[in-house]
Engineer: 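Just passing along the structure, written as structure tokens.
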Number of protein chains: 2
Amino acid sequence: MNKEEMIVKVLKALGHPIRFKIVKFLLIEPQCVCKLNENIEFSQSNLSQHIKILKDAGIIKGEKQGLNIEYSIANDNVKHIINMTEKFVEYYLNNIK
Amino acid sequence: MNKEEMIVKVLKALGHPIRFKIVKFLLIEPQCVCKLNENIEFSQSNLSQHIKILKDAGIIKGEKQGLNIEYSIANDNVKHIINMTEKFVEYYLNNIK
DNA sequence: TAATTATATAAGAATATTATTATATAATTA
DNA sequence: TAATTATATAATAATATTCTTATATAATTA
């Protein structure tokens, strides 16, 4: 997979409501799936599959801690991507009349 | 559609190889679909549909100029989103061994 | 005004993604 | 070691996206 394909993969991974929510929660603090499960209204299995997609895109990483796996954001650039997109949307909202 | 949904929509729109290519070309210079059609190996109809998705997400805008419609990037934040994602991927590539 | 050109749209087929259900695995605790 | 807990995976159904083909529209030119 070349660089452009990876970029597209990352954007695509972020472009889904559940996955975006997961990332937002992990930006606040690292947490285990069980905790995410309380916060996000979806089945454990479904959540797990979305986590896999985020992990494959390099967006999050997991560290086994006993029974749990603590997930966290892989690096700070993730936050910047989201901040920029937020900014874009804000600009957009301010410029439609 | 709330702000979070719009953010997801933007990321999703960018997370497709053809649409990403369109945006990359338009970042270089505004151009009409016919020009894009030369650059991107897809049917006119398919291209047109992807353009619609980008337009709906507020990423590009089109201005009719005679027979052509000249498309361009709606605002500079688009460039920043992509730059950040590029940076993210570069970081990722430098940190796998 | 007929023909041409650039682009959009509608309909449907092909394909991909997502969600669900059931089951598996791996670590922990009783 | 059996039971429990947290998470992953496989299979498949449900749904959404993408692409193709055909047709429509709108501006331009002959």
Side-chain angles (χ1 to χ4, degrees), chain A residues 1 4-26 29-74, chain B residues 1 4-26 29-74:
Chain A
M1 189 160 44
E4 182 158 316
E5 286 169 336
M6 290 192 61
I7 294 173
V8 170
K9 188 177 182 174
V10 169
L11 292 166
K12 188 175 179 183
L14 291 173
H16 182 281
I18 295 180
R19 293 195 293 266
F20 188 78
K21 257 183 202 162
I22 294 172
V23 170
K24 286 290 254 183
F25 276 114
L26 295 183
E29 56 172 354
Q31 53 191 283
C32 59
V33 185
C34 53
K35 198 80 191 299
L36 285 169
N37 230 327
E38 289 173 26
N39 290 323
I40 301 174
E41 67 295 344
F42 269 86
S43 72
Q44 178 272 314
S45 162
N46 194 203
L47 202 49
S48 187
Q49 286 171 86
H50 283 301
I51 281 172
K52 188 171 189 307
I53 290 169
L54 289 169
K55 215 166 37 171
D56 286 351
I59 295 167
I60 66 175
K61 57 175 198 266
E63 205 183 336
K64 190 118 201 179
Q65 292 194 340
L67 258 186
N68 300 326
I69 298 176
E70 181 164 89
Y71 282 101
S72 59
I73 298 298
Chain B
M1 190 158 44
E4 182 158 316
E5 287 169 335
M6 289 192 63
I7 293 172
V8 169
K9 188 176 184 176
V10 169
L11 292 166
K12 189 176 180 181
L14 292 172
H16 182 282
I18 295 179
R19 292 194 294 265
F20 189 77
K21 254 182 204 164
I22 294 172
V23 170
K24 286 291 256 184
F25 276 113
L26 295 183
E29 55 173 354
Q31 51 191 282
C32 58
V33 185
C34 54
K35 197 80 191 298
L36 285 170
N37 231 329
E38 290 171 25
N39 290 322
I40 300 176
E41 66 294 344
F42 270 84
S43 72
Q44 179 272 317
S45 162
N46 193 203
L47 203 50
S48 187
Q49 286 171 85
H50 283 301
I51 281 171
K52 188 171 190 306
I53 290 169
L54 288 169
K55 216 166 37 174
D56 286 351
I59 294 167
I60 67 176
K61 57 176 197 265
E63 204 181 339
K64 192 118 202 180
Q65 292 195 338
L67 257 187
N68 300 327
I69 298 177
E70 180 164 271
Y71 282 101
S72 59
I73 298 296

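Every chain is numbered from 1, with letters handed out A, B, ... down the list of sequences.
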Engineer: Give me the first and last nucleotide of DNA chain C, going 5' to 3', that has any atom under 4.0 Å from a heavy atom of chain A.
Structural biologist: C:dT17 to C:dT28
Engineer: So, does B:His50 get its side chain near the phosphate of D:dC19, meaning an N or O under 4.0 Å from OP1 or OP2?
Structural biologist: yes
Engineer: Return the minimal non-hydrogen interatomic distance between A:Asn37 and A:Phe42, and the atom names on each side.
Structural biologist: OD1-O, 2.9 Å
Engineer: Listed by chain and number, what are the side-chain contact (heavy atoms from CB on, under 4.5 Å) partners of B:Glu29, not counting sequence neighbours?
Structural biologist: B:Gln31, B:Lys35
Engineer: If I compare all heavy atoms of B:Ile51 with all of B:Ile22, which pair ends up nearest, and what's the gap?
Structural biologist: CG1-CD1, 4.2 Å
Engineer: Calculate, to the nearest 0.5 Å, the distance between atoms CD1 and CD1 belonging to A:Ile53 and A:Ile59 respectively.
Structural biologist: 10.0 Å
Engineer: Identify all stems in which DNA chain C takes part, counting only runs of at least 3 consecutive pairs (Watson-Crick or G-U wobble, each distance under 3.5 Å), and give each as one range with another, ordered by first number.
Structural biologist: C:1-30 with D:1-30
Engineer: Of all of residues 63-72 of chain A, which get a heavy atom below 4.0 angstrom from DNA chain C, listed by number?
Structural biologist: A:Lys64, A:Gly66, A:Leu67
Engineer: Using a strict heavy-atom distance below 4.0 Å, which residues from residues 11-21 of chain B are in contact with DNA chain C?
Structural biologist: none
Engineer: Output a table of donor-acceptor pairs, distance under 3.5 Å, between side-chain atoms of residues 9-20 of chain A and any protein atom two or more places apart or on a different chain; print 'none' if there are none.
Structural biologist:
unit_1, atom_1, unit_2, atom_2, d
A:His16, ND1, A:Ile18, N, 3.1
A:Arg19, NE, A:Ala13, O, 2.7
A:Arg19, NH1, A:His50, ND1, 3.1
A:Arg19, NH2, A:Lys12, O, 3.4

Engineer: Sequence neighbours left out, what pairs pass side chain to side chain donor-acceptor pair (under 3.5 Å) with at least one residue falling in residues 51-73 of chain B?
Structural biologist: B:Lys52-B:Asp56
Engineer: Here's a test of your reading of the structure: between A:Gln44 and B:Ser48, which maps to the more 5' nucleotide of DNA chain C?
Structural biologist: B:Ser48
Engineer: CG of B:Leu54 to CD of B:Gln49: how many Å apart, nearest 0.5 Å?
Structural biologist: 12.5 Å
Engineer: Test of understanding: with side chain to side chain donor-acceptor pair (under 3.5 Å), list the residues that count as partners of A:Ser43, not counting sequence neighbours.
Structural biologist: none
Engineer: For B:Val33 and for B:Gln49, find the nucleotide of DNA chain C with the closest heavy atom, then tell me which residue's nucleotide is more 5'.
Structural biologist: B:Val33
